[in-house]
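Scroll down for the structure; my scribbles are underneath it.
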Amino acid sequence: MATVPQEAINELQALMDRVDEPLMRTFENIHQGYLKETLVRFLKAREGNVAKAHKMLLDCLKWRVQNEIDIILSKPIIPDDLYRAVRDSQFIGLSGYSKEGLPVYAIGVGLSTFDKASVHYYVQSHIQINEYRDRVILPSASKRYGRPITTCLKVLDMSGLRLSALSQIKLLTIISTVDDLNYPEKTNTYYIVNAPYVFSACWKVVKPLLQERTRKKVQVLPGCGRDDLLKIMDYSSLPHFCKGEGSGSGRHTSYGPENCYSLDHPFHQQLYSYIKEQSQRRQPIQPIKQGSFHVALPEAAAEGTEIAKTIESELQKFDNGSGMPDSLDGLKINGE
């Protein structure tokens with residue numbers, strides 16, 4: 001739904017005003033002073049139904065309290081070599097900001113292998129990036145631009161997407177479910193770039209399964225998407241894999257400090273330093289303990305399960321050779 005009636009916002013706010021500690025404390029960590037925008041996000045996620053949005057929000061607050069999400073930014077992944085291994089296999093980074101001030105996150109869907117650590121470390125890392133976005137990046141952007149900025153843009157790089165992605169579907173479904181249930185409507189638009197044929201085939205069967213509001217957010221751009229993305233952001237904010245003339249990006253490239261996936265990129269340096277500082281504030285004397293911060297892994301919703309099974313089925317067609325077209329001549333990926 002494009003707009004949420006003020007009456008629905010007022011009704012949901014009245015319900016949330018009755019929430020007691022510690023749920024109210026974690027709710028404040030969610031909205032960061034932008035209460036209306038937060039209520040609107042949950043209402044949109046439940047098609048404007050106040051009762052369903054209220055339940056979703058309460059479930060989210062309980063999840064945060066039960067899993068101590070409020071202190072997850074004080075739980076560094078250590079030792080440093082382990083964190084670097086996570087970063088080298090879970091490609092995500094902040095490349096800059098759009099002309100409207102929205103943070104631009106780059107995600108290497110095709111090149112992420114998720115094979116250097118346990119599932120819990122990847123989930124922990126993902127949630128930490130979410131929380132850092134919501135508690136540090138977005139509030140800072142709001143102050144800089146003088147207006148509430150509560151969403152971001154995501155550029156999804158499909159370079160390197162192969163049949164091996166089949167083994168990552170379970171983890172990706174877990175991460176997607178965490179976002180759907182606890183960080184709804186945080187992404188304004190998803191831009192798909194460097195899409196190979198295997199993505200095009202999967203997208204055609206997955207697209208009808210998505211909710212309409214999600215489908216409208218997805219734009220599949222030709223090639224590396226540079227020309228289209230330059231309409232909404234400056235060149236300096238383009239992800240490194242969108243700055244070339246053609247398509248594709250290697251895992252180990254010569255982009256150097258521009259590679260926003262790298263642990264050496266300023267975003268990741270600032271994020272990791274922030275987490276270590278928060279840890280020292282909470283435990284200034286005790287040494288930081290090694291071990292992942294275990295978060296209860298959610299069960300995928302019916303929609304997510306169906307999508308995962310559909311992707312798995314489509315990829316298996318490629319695996320046995322029945323999914324490949326007779327010819328790739330004239331194939332065009334344009335997002336329809």
Side-chain angles (χ1 to χ4, degrees), residues 1 44-47 90-92 105-114 119 122-123 126 151-225 228-229 241 247-248 297-326 328 330-336:
M1 57 188 306
K44 283 185 175 181
R46 289 298 177 261
E47 305 299 332
Q90 181 185 33
F91 291 123
I92 183 172
Y105 283 86
I107 302 175
V109 178
L111 292 175
S112 294
T113 56
F114 300 103
V119 169
Y122 289 113
V123 173
H126 179 79
T151 60
C152 66
L153 303 177
K154 290 182 179 178
V155 183
L156 279 56
D157 179 20
M158 296 295 169
S159 296
L161 187 65
R162 297 180 179 88
L163 299 180
S164 57
L166 196 61
S167 63
Q168 303 163 19
I169 289 178
K170 183 177 180 180
L171 175 55
L172 293 174
T173 301
I174 290 171
I175 289 175
S176 176
T177 302
V178 166
D179 285 353
D180 290 344
L181 297 179
N182 304 291
Y183 303 93
E185 302 295 317
K186 294 298 294 188
T187 303
N188 193 56
T189 309
Y190 298 89
Y191 296 100
I192 311 293
V193 302
N194 297 324
Y197 179 77
V198 65
F199 168 80
S200 179
C202 290
W203 176 240
K204 287 179 181 177
V205 295
V206 168
K207 187 176 180 180
L209 302 178
L210 298 175
Q211 296 183 17
E212 182 181 2
R213 72 173 189 279
T214 302
R215 287 199 304 270
K216 289 182 177 179
K217 290 182 179 182
V218 179
Q219 294 187 29
V220 183
L221 305 180
C224 67
D228 291 284
L229 292 174
F241 51 81
S247 63
L297 303 181
E299 292 187 9
E303 180 192 32
T305 301
E306 184 179 2
I307 291 173
K309 288 182 178 179
T310 301
I311 294 175
E312 186 173 0
S313 175
E314 197 65 23
L315 288 174
Q316 285 175 343
K317 291 180 183 178
F318 283 87
D319 197 28
N320 60 32
S322 63
M324 289 301 293
D326 294 332
L328 298 184
L331 177 65
K332 184 178 182 181
I333 301 173
N334 56 16
E336 300 179 8

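- The two residues Gln90 and Tyr122 make their nearest non-hydrogen contact at NE2-O, 3.2 Å.
- Rounding to the nearest 0.5 angstrom, the gap separating the OG1 atom in Thr177 from the CG atom in Leu172 is 10.5 Å.
- Expressed to the nearest 0.5 Å, how far CD1 of Ile107 lies from NE2 of His126 amounts to 7.5 Å.
- Ionic pairing of Lys217 and Glu185 is present here: one or more N-O contacts between side-chain nitrogen and carboxylate oxygen are shorter than 4.0 angstrom.
- In this structure, Arg46 and Leu181 approach most closely via the heavy-atom pair NH2-CD2, 4.3 Å.
- We find the CH2-CG distance between Trp203 and Leu210 to be 5.0 Å, quoted to the nearest 0.5 Å.
- Applying the salt bridge (charged side-chain N to carboxylate O under 4.0 Å, His left out) definition to pairs two or more places apart or across chains, none involves residues 192-203.
- The two residues Leu161 and Pro196 come nearest to each other via the heavy atoms CB-CG, 3.9 Å.
- Counting only residues at least two apart or on different chains, the salt bridge (charged side-chain N to carboxylate O under 4.0 Å, His left out) pairs with a member in residues 186-196 are Asp134-Lys186.
- The nearest pair of heavy atoms linking Gln168 to Val109 is OE1-O, 4.5 Å.
- Among the candidates Leu229, Val155, Ile192, the single residue satisfying the side-chain contact (heavy atoms from CB on, under 4.5 Å) test with Leu221 is Leu229.
- A heavy-atom distance below 4.5 Å is found between the side chains of Ser176 and Asp180.
- With sequence neighbours excluded, no residue forms a ring pair (Phe, Tyr, Trp, His ring centres under 6.0 Å) with Tyr183.
- Distance check: Ile92 CD1 to Asp157 CG gives 13.0 Å after rounding to the nearest 0.5 Å.
- Take Asp228 and apply the salt bridge (Lys or Arg N to Asp or Glu O under 4.0 Å) test, not counting sequence neighbours, and it matches Lys231.
- Distance alone, capped at 3.5 Å, is enough to place a donor-acceptor pair between the Ser112 side chain and the Phe91 backbone.
- Partners of Tyr191 according to the ring pair (Phe, Tyr, Trp, His ring centres under 6.0 Å) rule, which considers only residues two or more places apart in sequence or in another chain, do not exist here.
- Interatomic distance, CZ of Phe241 versus CG of Asn194, reported as 7.5 Å (0.5 Å rounding).
- The minimum heavy-atom distance between Gln211 and Glu47, with the atom names listed, is OE1-OE2, 3.7 Å.
- By the side chain to side chain contact (heavy atoms under 4.5 Å, CB included) test, Thr187 pairs with Cys152, Lys154, Tyr190, sequence neighbours left out.
- With a 4.5 Å cut-off on side-chain heavy atoms, Val123 and Leu171 count as touching.
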